[in-house]
There are 2 protein chains.
Amino acid sequence: METFKVGALAALRAEGYRLTQQRGVLIDLIGQSADHLNADDLYRLARARDGRISLSTVYRTLSLLKRHKLVAEIHLSEEHHHYEPVTGDAHYHLVCRQCGGVEEFGAQVIETLSDALRRDYGFTINNVELDVTGTCRSCTV
Amino acid sequence: METFKVGALAALRAEGYRLTQQRGVLIDLIGQSADHLNADDLYRLARARDGRISLSTVYRTLSLLKRHKLVAEIHLSEEHHHYEPVTGDAHYHLVCRQCGGVEEFGAQVIETLSDALRRDYGFTINNVELDVTGTCRSCTV
DNA sequence: TTATATGCAAAAGATTTGCAACGGA
DNA sequence: TCCGTTGCAAATCTTTTGCATATAA
C-alpha cells in the first residue's frame with residue numbers, strides 16, 4: 001500500500017526540483033504519518049530526526065507538495081492547518097469529541113451527494129471537504 | 001422568517017449580559033447578512049453605520065454569540081473565519097471556483113450520510129461541516 | 001559551477017489580551 | 001453606583017518573505 005501517488009516524486013525531480021536532505025525527511029514523515037500533522041508537528045519530528053531544518057522550510061515544502069497534489073491541506077476547525085499524504089482515494093474525517101481521535105471513511109457515500117448536487121443545483125464538484133464531529137464507537141457508552 | 005433563534009437574545013440579557021450599542025449593531029448586521037461575513041467585514045459595516053466600535057469588540061462579540069450558539073463559525077478554506085446567524089435549519093455550502101459565490105443547500109441530503117455513518121462506523125454525529133467546491137450553474141459554460 | 005534551497009530574522013495577517021476609562025442597569 | 005464592556009495598544013500565533021549563505025546536480 002503506497003502512501004504517495006506513484007511516480008509523483010520522480011515527476012518532481014524531472015521538473016528540476018532538488019531532492020534535499022530536508023525534503024527527504026519531510027516527505028518520509030508525511031508518508032509514514034498515521035494521523036494528520038500540522039506544520040509544527042512536522043517541524044518537531046524532522047528536527048528530532050535530523051536537526052538541520054527550519055520552520056520556513058517545512059512551510060515551503062508543504063506548499064510545494066500541495067501545489068503538486070502530493071499532500072492535501074485539511075481544515076479541522078482549528079486555528080492552524082493539517083496535512084496528509086494524497087493517496088488517490090478520496091476520504092473524509094470523523095472527529096471524536098471525547099477522545100479527539102480522527103477516523104476516516106470512504107468516498108462511496110459522497111457519490112450520492114455529488115449526484116444530488118449536480119441534479120438539484122447544477123453544481124459541478126471539484127472538491128468536497130467534509131468533517132464530521134461526534135462520538136466514536138469506542139467512546140459511546 | 002426569523003434569523004436568530006427565537007428567545008436567544010432575551011436569554012443573553014437574562015444571564016446578565018448587557019445589550020450595548022455595539023452589540024446591538026453587530027447582532028443587527030449578522031442577522032441581516034445575506035452572505036457570510038468575516039470579522040473585518042463586520043468591523044467595516046459596523047463602523048460605517050455607527051463609528052464607535054473596535055475590532056476587539058467585534059471579536060469579543062462573535063465569541064460571545066458563538067458560545068451561545070447564536071452564530072456559527074464556518075471554515076471556507078480561507079485563512080480567516082466566516083460567520084453566519086444560527087437559524088436552526090442545518091445547511092451546507094457550495095463554493096464556486098469561478099465566481100467565488102457561496103450557495104447553500106439543505107439538510108435532507110445529509111440525513112442519508114448520518115444514517116450510513118451510524119450504521120457502518122458506530123459514529124454518533126454532533127456536527128457536520130461540509131463545504132463543496134466546484135463550478136456553479138451560472139459559471140458552467 | 002550555478003541556480004535552487006535553506007536558515008534566520010523580520011514581516012504580515014488574524015485573533016487575543018491587559019488595563020484604564022466608559023456606560024448600561 | 002457598580003460591575004460588565006469597550007477602545008487602544010501590545011502580545012500571540014500561524015504563515016510568508018527577503019536576503020545572504022549553503023548545497024544538489
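In what follows, chains carry the letters A, B, and so on, assigned in the order in which the sequence lines appear, proteins first and then strands, with residues in each chain numbered from 1. Values below: every heavy atom of this structure, side chains too, minus hydrogens, waters and symmetry copies.
Closest contact between the side chain of B/His81 and the listed nucleotides D/dT5, C/dT15, D/dG7 involves C/dT15. Side chain of B/Arg23, nearest nucleotide from C/dG7, D/dT5, C/dT16: D/dT5.
Side-chain contact between B/Leu37 and B/Leu45: present, with at least one pair of heavy atoms (C-beta onward) separated by less than 4.5 Å. Looking at heavy atoms from C-beta onward, A/Leu29 lies in side-chain contact with A/Arg49 at the 4.5 angstrom threshold. Residues A/His80 and A/His82 have side chains in contact (heavy-atom distance under 4.5 Å, counting atoms from C-beta outward). Inter-residue side-chain proximity for B/His68 and B/Glu15 is flagged as met; some heavy-atom pair is nearer than 4.5 Å. Looking at heavy atoms from C-beta onward, A/Leu64 lies in side-chain contact with A/Arg23 at the 4.5 angstrom threshold. For the pair A/Leu26/A/Leu65, no side-chain contact is recorded, criterion being any heavy-atom separation below 4.5 Å from C-beta on.
A straight line from OH of B/Tyr59 to P of C/dG18 spans 18 Å, rounded to a whole angstrom. A/Asp40 has its CG atom 16 Å from the P atom of D/dT12, to the nearest Å. When rounded to the nearest whole Å, the span between CZ of B/Arg47 and P of D/dG7 equals 9 Å. Here D/dT16 presents its P atom at 14 Å from NE2 of A/His80, a figure rounded to the nearest Å. The separation between B/Leu26 atom CG and D/dG7 atom C1' is 14 Å, rounded to whole Å. In this structure, CD1 of B/Ile74 is placed 17 Å from C1' of C/dA14, rounded to the nearest angstrom. One atom, CD of B/Glu15, and another, C1' of D/dG4, lie 14 Å apart when rounded to the nearest Å. Rounded to whole Å, atom P of D/dC8 lies 11 Å from atom CG of B/Leu55.
Both B/Ser54 and B/Gly16 lie close to DNA chain D; mapped to their nearest nucleotides by heavy-atom distance, the more 5′-ward contact belongs to B/Gly16.
Between B/Gln22 and D/dG7 there is a side-chain polar atom (N or O) within less than 4.0 angstrom of OP1 or OP2.
Within 3.5 Å, a donor on the side chain of B/Arg60 pairs with an acceptor on the base of D/dG7, or the reverse. Counting atom types as modelled, B/Ser56 pairs a side-chain N or O with a base atom of C/dT17 as donor and acceptor under 3.5 Å.
Taking both residues in full, the closest heavy atoms of B/Tyr83 and B/Ala39 are given as CE1-N, 4.2 Å, listed atom of the first, atom of the second, then distance. Listed here is the closest heavy atom pair of B/His81 and B/Asn38: O-CB, 3.2 Å.
For the helix from C/dT1-D/dA25 to C/dA25-D/dT1, the rotation axes defined at the first and last 5 base pairs enclose an angle of 30°, given to the nearest 10°.
Under 3.5 Å, the side chains of B/Arg47 and B/Tyr43 contain a donor-acceptor pair of N or O atoms.
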Which protein N or O atoms sit under 3.5 Å from an N or O of nucleotides 20-25 of chain D?
from	atom 1	to	atom 2	distance (Å)
D/dA24	N3	A/Arg18	NH1	3.2
D/dA25	OP1	A/Leu19	N	3.4

